[in-house]
Amino acid sequence: MTNRPPSMPVRADRLRSMSQTPDSAVRTYIEQHRAAFLDDLTAWLRIPSVSAQPDHAPDVRHSADWLAAKLKETGFPTAEVWQTPGAPAVFAEWPSDDPGAPTVLVYGHHDVQPAAREDGWDSDPFEPVVRGNRLYARGAADDKGQVFFHTLGVRAHLAATGRSTPAVHLKLLIEGEEESGSPHFRALVEEQAERLAADTVIVSDTGMWSEDTPTVCTGMRGLAECEIRLYGPDQDIHSGSFGGAVPNPATAAARLVAALHDEHGRVAVPGFYDGVVELTDRERELFAELPFDEERWLRTARSHAAHGEAGHTTLERIWARPTAEVNGIGGGYQGAGSKTIIPATALVKLSFRLVAGQDPGHIERAVRAWAAGQVPAGIRCEIDFGSATRPCLTPLDHPALQSVVRAMGRAFQAPVRFTREGGSGPAADLQEVLGAPVLFLGISVPSDGWHAPNEKVELDLLLKGVETSAYLWGDLAANWRPAS
């Protein structure tokens with residue numbers, strides 16, 4: 001939990017005022033400051049902060065410096081650039097004048113994917129352009145736009161409530177290496193854990209189901225990856241002279257892959273499902289409420305049939321069930337024609353998406369034991385696991401999650417549905433190191449084209465993100481008083 005002064009009683013009328021931010025006042029403030037907000041965002045988007053390309057390291061630093069200065073201008077009394085062995089992160093803090101208020105940490109990232117006009121962009125990816133009601137630029141949705149809406153959101157919150165400080169202790173951590181795999185992020189969080197201490201984490205690096213179906217994500221799967229190398233003969237040997245008499249590592253690789261799942265699509269590694277938090281009936285009902293078109297989804301997936309663990313829908317499979325996938329398999333001769341050999345080596349690459357209740361260390365031990373039992377005598381097996389990402393899940397009844405839902409519902413004036421994220425990210429590191437639940441607040445939609453040419457953000461949705469942020473801080477303060 002956070003380190004804060006001893007809790008002080010807060011009057012009921014003040015709590016009500018925190019959550020009852022006048023909607024008209026918020027919307028009026030946003031409209032009055034819309035042009036300046038978009039001018040600032042456009043200036044930030046012009047900085048090509050591509051963390052994956054060493055030539056852009058000065059630009060990533062420029063991006064961090066720009067954001068820190070803008071946060072100071074917004075009103076954050078603390079805004080710092082934190083160095084890492086790679087790209088810098090930005091930390092900002094704005095304490096509330098209510099010592100008993102919750103502490104909230106907002107996470108996002110200021111680095112972006114590589115982009116060039118010749119990739120298929122209709123305009124320069126780092127020269128933002130508005131066409132219709134859309135802002136096109138690299139980073140418009142992923143993630144500068146979704147980070148930046150908090151700057152106008154907190155100012156609208158203050159203006160509408162007459163406060164001089166936010167209703168919560170507000171912190172921001174904006175990473176500079178997310179698009180490069182966050183190689184130094186966990187170490188940074190561990191090093192700065194005391195200053196990052198929070199009661200909850202809001203991740204603004206996500207999206208919604210669609211423009212007319214606002215949603216809140218409640219969980220993200222974890223990830224474990226491994227490479228399995230199989231060694232047989234000391235060199236490639238003649239399949240006529242030795243075939244059928246010595247073990248073939250390519251055959252062993254194929255058998256290993258074939259044994260990964262049973263006939264029902266379940267992962268056949270003993271112990272793989274230990275600890276899995278199963279979906280509740282209510283969660284399954286909520287998933288089923290979403291307007292999911294499987295045929296359309298298959299077209300997006302460039303696939304021709306749905307497949308997976310029996311007894312679960314497609315959404316349940318990609319959001320709430322663990323998986324094992326073969327990412328690569330090879331061995332032996334791959335060239336034109338034939339080469340009748342028994343190859344000396346073979347290779348299998350596997351990845352495992354993990355759900356709440358699964359421990360990456362346990363998965364690694366289980367996979368090692370399983371693989372050892374599958375490999376015949378005469379084949380040597382070596383397995384290397386990379387760094388793992390833990391899953392994260394926030395219960396539907398968590399008061400902070402309910403505040404996000406209410407704030408988004410006020411902004412969108414529509415029912416808010418629930419999703420999860422099938423992918424993995426650094427949010428789980430924040431949950432594990434800080435011991436705080438992770439919530440997701442994003443307004444991006446699938447058509448925004450993350451990592452693709454012509455990335456854009458819908459301006460109406462971006463301003464709904466501003467509005468949600470403006471309502472959220474008061475709602476949290478009024479409805480959640482976590483223990484010190």
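Note that the coordinates shown come from a computational prediction; the quantities given were computed from them, not determined experimentally.
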Stepwise salt bridge (charged side-chain N to carboxylate O under 4.0 Å, His left out) test for Asp359 and Arg390 = CA-CA 7 Å; Asp359 173 59; Arg390 289 184 175 274; 2.8 Å; yes
Can you list the steps and then say if Val267 with Glu309 is a side chain to side chain contact (heavy atoms under 4.5 Å, CB included)?
-> CA-CA 8 Å; Val267 180; Glu309 184 182 359; over 6 Å; no
Verdict with supporting geometry, Arg417 and Trp209, side chain to side chain contact (heavy atoms under 4.5 Å, CB included) | CA-CA 9 Å; Arg417 311 290 185 185; Trp209 181 264; over 6 Å; no
List the steps and the verdict of salt bridge (charged side-chain N to carboxylate O under 4.0 Å, His left out) for Arg195 and Glu80.
-> CA-CA 12 Å; Arg195 295 191 69 187; Glu80 302 169 355; 2.9 Å; yes
Could you go through the salt bridge (charged side-chain N to carboxylate O under 4.0 Å, His left out) check for Arg221 and Glu421 one step at a time?
-> CA-CA 7 Å; Arg221 291 195 293 188; Glu421 172 59 57; over 6 Å; no
Applying side chain to side chain contact (heavy atoms under 4.5 Å, CB included), run through Leu462 and Leu41 and close with a yes or a no.
-> CA-CA 11 Å; Leu462 185 65; Leu41 175 58; 3.8 Å; yes
Evaluate the salt bridge (charged side-chain N to carboxylate O under 4.0 Å, His left out) criterion for residues Glu325 and Arg353: first the C-alpha distance (whole Å), next the side-chain angles of each, then the deciding distance (0.1 Å), finally the verdict.
-> CA-CA 8 Å; Glu325 293 295 343; Arg353 296 288 176 171; over 6 Å; no
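Of the possible donor and acceptor atoms, one in the side chain of Asn454 sits under 3.5 Å from a partner among the backbone N and O of Asp122. No side-chain donor-acceptor contact under 3.5 Å links Asp119 to the backbone of Pro453. Looking at Thr42, its side chain does come within 3.5 Å of a backbone N or O of Leu38 through a donor-acceptor pair. Counting only distance, with no hydrogens or angles, the side chain of Thr103 and the backbone of Ala198 share no donor-acceptor pair below 3.5 Å. The main-chain N or O of Pro322 is never found under 3.5 Å from a side-chain atom of Tyr273 such that the two would form a donor-acceptor pair. The backbone N or O of Ala344 lies less than 3.5 Å from a partner atom in the side chain of Asp236, making a donor-acceptor pair. Lys464 places no side-chain N or O within 3.5 Å of a backbone atom of Ile443 that could act as its donor or acceptor partner. The closest donor-acceptor contact from the side chain of Asp384 to the backbone of Glu227 lies at 3.5 Å or more, if one exists at all. Side-chain N or O atoms of Ser204 include none that pairs as donor or acceptor with a backbone N or O of Val147 at under 3.5 Å.
The shortest distance between side-chain heavy atoms of Leu45 and Phe148 does not fall below 4.5 Å. Here the side chains of Phe418 and Leu401 are in contact, with some heavy-atom distance below 4.5 Å. Trp66 places none of its side-chain heavy atoms less than 4.5 Å from the side chain of His110. Taking the side chain as every heavy atom from C-beta outward, Thr313 and Phe287 never approach each other to under 4.5 Å. Under the 4.5 Å side-chain criterion, counting only non-hydrogen atoms from C-beta, Asp142 is not in contact with Asp448. Asn248 has its side chain within reach of Pro343: a pair of non-hydrogen atoms, C-beta onward, lies under 4.5 Å apart. When side chains are defined from C-beta on, Leu260 does not count as touching Gln374, because their heavy atoms never get closer than 4.5 Å. Side chains of Thr389 and Met220 form no contact here, defined as non-hydrogen atoms less than 4.5 Å apart.
The two residues Ile342 and Ser239 have their closest heavy-atom pair at CG1-CA, 4.1 Å. Closest approach of Ala141 and Glu455 over heavy atoms only: N-OE2, 3.1 Å. Annotation for Leu439 and Val404: closest pair CD1-CG2, 3.8 Å, computed over non-hydrogen atoms. A pairwise comparison of heavy atoms in Leu396 and Thr218 identifies CD2-CG2, 4.0 Å as the closest pair. Among all heavy-atom pairs drawn from Gln146 and Gly442, the shortest one is OE1-CA, 3.1 Å. Between Ala89 and Leu173, the closest heavy-atom pair is CB-CD1, 4.3 Å.
With sequence neighbours excluded, no residue satisfies side chain to side chain donor-acceptor pair (under 3.5 Å) with Asp143. Applying the side chain to side chain donor-acceptor pair (under 3.5 Å) test to Glu364 and every residue at least two apart in sequence or in another chain returns Arg368. Taking Arg296 as the reference, Asp293, Arg299 meet the side chain to side chain contact (heavy atoms under 4.5 Å, CB included) condition, with sequence neighbours excluded.
Classification of the Phe352-Phe272 ring pair by plane angle, with boundaries at 30° and 60°, yields tilted.
Between Arg229 and Glu382 a salt bridge is recorded (basic side-chain N to carboxylate O distance below 4.0 Å). Ionic pairing of Asp65 and Arg61 is present here: one or more N-O contacts between side-chain nitrogen and carboxylate oxygen are shorter than 4.0 angstrom.
In this model, a donor atom of one side chain and an acceptor atom of the other lie less than 3.5 Å apart for Lys456 and Ser447. Looking at Asp262 and His264, their side chains never bring a donor and an acceptor atom within 3.5 Å of each other. Between the side chains of Thr314 and Trp297, no donor N or O sits under 3.5 Å from an acceptor N or O.
Across Arg117, Arg46, Arg138, a single residue satisfies side chain to side chain donor-acceptor pair (under 3.5 Å) together with Glu127, and that is Arg46. Partner of Arg284 under the salt bridge (charged side-chain N to carboxylate O under 4.0 Å, His left out) criterion, chosen from Glu289, Glu278, Glu316: Glu316. When each of Ser180, Ser182, Ser63 is tested with Ser51 by the rule side chain to side chain donor-acceptor pair (under 3.5 Å), just one qualifies, namely Ser180. Here the rule is side chain to side chain donor-acceptor pair (under 3.5 Å) with Ser49, and of Lys144, His56, Glu179 only Lys144 fits it.
Enclosure of atom CZ in Arg131 by more than 12 non-hydrogen atoms of other residues, nucleotides or ligands within 6.0 angstrom is indicated. For Glu285, the CD atom counts as densely surrounded, since its 6.0 Å shell holds more than 12 non-hydrogen atoms of other residues, nucleotides or ligands.
In this structure, His184 NE2 and Glu175 CD are separated by 10.5 Å, a value rounded to the nearest 0.5 Å. Here CD of Gln53 is found 10.0 Å from CG of Asp59. Values are rounded to the nearest 0.5 Å. For the atom pair CD1 of Ile202 and CG of Leu476, the computed distance is 6.0 Å after rounding to the nearest 0.5 Å. Rounding to the nearest 0.5 Å gives a distance of 11.0 Å between OG1 of Thr340 and OH of Tyr333. Note: Thr323 OG1 to Leu354 CG = 8.0 Å, rounded to the nearest 0.5 Å. Leu172 contributes atom CG, which lies 5.5 Å from atom CG of Leu170 (distance to the nearest 0.5 angstrom).
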